[in-house]
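As structure tokens, the structure follows; a few thoughts come after it.
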Amino acid sequence: MNIIVRENYYEMSKHAAGMIAELIRSKPDCVIGFATGGTPIGTYKELIRMHKEEGLDFSEVKTFNLDEYLGVGIDLSKPYNLDQSYARFMHEELFKHINVRKENIHIPDGLTKDPEEYCKLYEDEIKKAGGIDLQILGIGGDGHWAFNEPGSSFTSRTRVEALAQQTLDDNYEAFYKKAGISREQMPRYAITMGIATILEARTIIMLANGSKKADIVAKALKGPVTTDVTASAIQLYKGKATVILDKEAAAKL
Ligand code: GLP
């Protein structure tokens, strides 16, 4: 695992975007796994800049997102702050600004009528696309990847997962409170790629910034490999993993 520490959030984001752009230039029809959360927003901003100013071309790129809230779908008739779907996040923070083709975008469908069957189909879609070339990951406050909450097996595949209390608290503070949405109205389940699904990606970039992430980053990268911190699965990863941190997130390593 290659750990890169950058001076600040902007430099961390620029480095990650540079690596993604390099893949797109060398393999225009690559498959990229995208993540949501505050962490990758700077990376997406830089990708948008590269698209607009340098002609970075997403027209053949295929995308698969890690997760989506169950029971939640994109609703463009609502203002962005009232639509907390990950589909809306990706639309606003990246997809609407670049030339990725709609039919090449895959985000788990939170409104599926048959989640179990749907999760199998999502796995099939990834396989049909030839697998994921590069998976971008953040890390949750409880050490999760995507929504693989503590206790999720390292052999887990795409499935429905109940959100842990810490995730519910983090989400409330980061998004729902500002939108005037009560704790009771927040989604409590999500569809998430599993740890085994993620570990099959050919390369991984994990991002973390800020002092709030310092302890959990140290646990995941240097602590015991345990399903209590599902991101510690990175230590089992066989492909090329790059961890890009700002100084604050790297402070406890
Ligand atoms: C959510 C997402 C994760 C993400 C995490 C961290 O739980 N499902 O994929 O890594 O948030 O979010 P943030 O980047 O805002 O800290």
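Order of listing sets the numbers, starting from 1, for every ligand and every atom in it.
Close N/O approach between Asn171 and ligand 1 is not found [any backbone or side-chain N/O within under 3.5 Å]. At a 3.5 angstrom cut-off on N or O pairs, Thr167 does not count as close to ligand 1. Below 3.5 Å of separation, one finds no N or O of Phe147 facing any N or O of ligand 1.
Here the straight-line distance linking atom OH of Tyr122 with atom CD of Glu68 works out to 9.5 Å at 0.5 Å rounding.
Contact of the Phe95 side chain with the Ile107 side chain is registered, since non-hydrogen atoms from C-beta on lie closer than 4.5 Å.
By heavy-atom distance, the residue among Lys212, His144, Lys213 lying nearest atom 7 (O) of ligand 1 is His144.
Within the 4.0 Å heavy-atom criterion, neither part of Phe175 lies near ligand 1. Residue-level proximity to ligand 1 for Asp67 is carried by the side chain, the only part with a heavy atom below 4.0 angstrom.
In summary, the side chains of Glu46 and Ser13 do not present any donor paired with an acceptor at a separation below 3.5 Å, with no hydrogens or angles considered.
Annotation: atom 1 (C) of ligand 1 to nearest protein heavy atom, Tyr86 OH, 3.4 Å. Atom 9 (O) of ligand 1 has Ala146 CA, 3.6 Å as its closest protein atom, hydrogens excluded (heavy atom only).
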Residue pair Met19, Leu134: steps toward the side-chain contact (heavy atoms from CB on, under 4.5 Å) verdict: CA-CA 10 Å; Met19 287 181 69; Leu134 169 60; 5.7 Å; no

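The six-membered or imidazole ring of Phe147 lies near that of Tyr69, with a centre-to-centre distance under 6.0 Å.
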